[in-house]
Amino acid sequence: MSIRCPDVGMVVPTWYPVDADESLVERLLALTLEGVESVCRPDLVVVVLDGQPRWEEAVRRAASSRGLRFLALPVNVGKGGAVAAGIGSLADDAPALVATRDSDGDHRLEDLPAMVELARQMGEETGNELLLVSGGRPDRARPLGFERAEYELITDRVLWQALQYHAAQQGRHLTSAYFAAHGEVPDIQSGYKVYSAAAARVVATALDPEHDGAGIGRWGVETAPAVEILAAGGVLGVAARRTYQEQPVSGFRGVDAQRLYAQPLAWALRRLEVPAAVAAAMLDGALLRSPLVFDFRRRDEVLAVREAVLEALGGGRPMLWGGRFV
């Protein structure tokens, strides 16, 4: 057995609907875990079942058959809480890097070495201990559907501007050197991540359900780690990864835009101390790049998200459309 990343830990937050087909669950577990022991030391891989007793035996069996750790949470705390618990369980082993992979088979193990290599390169070239590598998807609409993909793009555009604003207030600038080949903004919302040890500790604190009064560990599980790491002076990179054409199972079926996007964005903008007027300009720029705002079936919902974010910041203004002609 050849282990390519012996100092890399892995957390696999696991949840399936109680009424999911048993054969589908078994197939997804197999896709997720097959071969993992050839890439990471099995004792550094923890499969965390997020409070779903229906699947405890199946998940335990799949993990133990490969010599992996298994952690069953007594109650459902959301993906963020499961990730935090998994990182915490690896603390005594102190892996140099920690990867997070979903349990739906979408995060291909073959893509992990490139993500790890980029994280090591970033550390060597910058000397920074706070490192985050996101597995960037070449197309978000195929796995997510058009609407959710557009909301993710809007979110990431606003987040990147807000993070730059916060850094500038501190006399810093966030480099795009490690994701420039993959677009103008990084794929922050991707659930496939690699963190340095120091960054993983930041993630565990940010997503700890005991200190998460805003519910960010459920609805902003990818937003909060990136915000906290980069606000603390970290570096972000993107390595390309493959993805499903369509997700076979998801905890985010349908789009509850207020909960999935407005709340995390409002949290992030408050955390980064972005004034409401500045946030409005960021939102307007991001929205006007999206077809959603020009789709009359969806426009009211999109503008309601904008209004909810700005209300949470204490103010707002009518959206600026940038003129009548294009």
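Both backbone and side-chain heavy atoms feed into the values below; hydrogens, waters and symmetry mates do not.
Between Tyr151 and Tyr261, the two ring planes are parallel [angle under 30°; tilted spans 30° to 60°]. The aromatic rings of Trp55 and Tyr16 sit perpendicular, their planes meeting at an angle over 60°, well past the 30° parallel limit.
Side chain of Asp93 to main chain of Pro95: no donor-acceptor pair is present (N/O by atom type, distance under 3.5 Å, no hydrogens or angles). Side chain of Arg101 to backbone of Thr32: a donor-acceptor contact under 3.5 angstrom is found. Using modelled atom types, no side-chain atom of Ser23 and backbone atom of Asp21 make a donor-acceptor pair closer than 3.5 Å. Arg69 places a side-chain N or O within donor-acceptor distance of the main-chain N or O of Asp43, the cut-off being under 3.5 Å. The closest donor-acceptor contact from the side chain of Ser134 to the backbone of Asp187 lies under 3.5 Å. Listed for the Lys193 side chain is no donor-acceptor partner under 3.5 Å among the backbone atoms of Val98. Although no hydrogens or angles enter the test, the distance criterion places no donor-acceptor pair under 3.5 Å between the side chain of Ser290 and the main chain of Val293. At least one donor-acceptor pair closer than 3.5 Å links the side chain of Asp111 to the backbone N or O of Arg242.
Residues Val75 and Val83 share a hydrophobic cluster, clusters being chains of Ile/Leu/Val/Met/Phe/Trp/Tyr side chains in contact below 4.5 Å. Note on Met282: it does not cluster hydrophobically with Leu153, by side-chain heavy-atom contacts below 4.5 Å among ILVMFWY residues.
Side-chain contact between Leu29 and Glu26 is absent, with no heavy atoms from C-beta onward closer than 4.5 Å. Taking the side chain as every heavy atom from C-beta outward, Leu130 and Leu132 never approach each other to under 4.5 Å. At a threshold of 4.5 Å between non-hydrogen side-chain atoms, the residues Gln161 and Val274 do not count as touching. In this structure, Leu97 and Arg120 have side chains that are in contact, with non-hydrogen atoms separated by less than 4.5 Å. A 4.5 Å side-chain heavy-atom check between Leu236 and Leu174 finds every atom pair outside the cut-off. Using a 4.5 Å heavy-atom threshold, the side chains of Pro264 and Ile216 count as touching. Inter-residue side-chain proximity for Asn76 and Arg218 is flagged as met; some heavy-atom pair is nearer than 4.5 Å. With contacts defined as side-chain heavy-atom distances shorter than 4.5 Å, the pair Met10/Leu112 qualifies.
When all heavy atoms of Pro225 and Val221 are compared, the pair lying nearest together is CD-O, 3.0 Å. Across Gln189 and Arg137, no two heavy atoms sit closer than the pair C-NH2, 3.7 Å. Annotation for Glu228 and Ala206: closest pair CG-CB, 3.9 Å, computed over non-hydrogen atoms. Nearest approach of Tyr192 to Arg108, heavy atoms of both residues: OH-O, 3.0 Å. What you find for Leu207 and Ala224 is that their closest heavy atoms are CD2-CB, 4.1 Å. Taking every heavy atom of both residues into account, Tyr178 and Val235 meet most closely at CD1-CG1, 3.8 Å.
Using a cutoff of 4.0 Å between basic side-chain nitrogens and carboxylate oxygens, Arg140 and Asp156 are scored as salt-bridged. Salt-bridge formation is not detected for the pair Asp19/Arg54: no Lys NZ or Arg NE/NH1/NH2 atom is positioned less than 4.0 Å from an Asp or Glu carboxylate oxygen.
When the shell of 6.0 Å around CZ of Arg172 is examined, it contains more than 12 heavy atoms from other residues, nucleotides or ligands. Heavy atoms of other residues, nucleotides or ligands lying less than 6.0 angstrom from CD of Glu129 number 12 at most. Atom CD of Glu273 has 12 or fewer neighbouring heavy atoms from other residues, nucleotides or ligands inside a 6.0 Å radius.
Among Glu125, Glu117, Glu124, the single residue meeting the side-chain hydrogen bond (donor to acceptor under 3.5 Å, both in side chains) criterion with Gln121 is Glu125. Looking at Asp102, Asp50, Asp104 one by one, the single match for salt bridge (charged side-chain N to carboxylate O under 4.0 Å, His left out) with Lys79 turns out to be Asp102.
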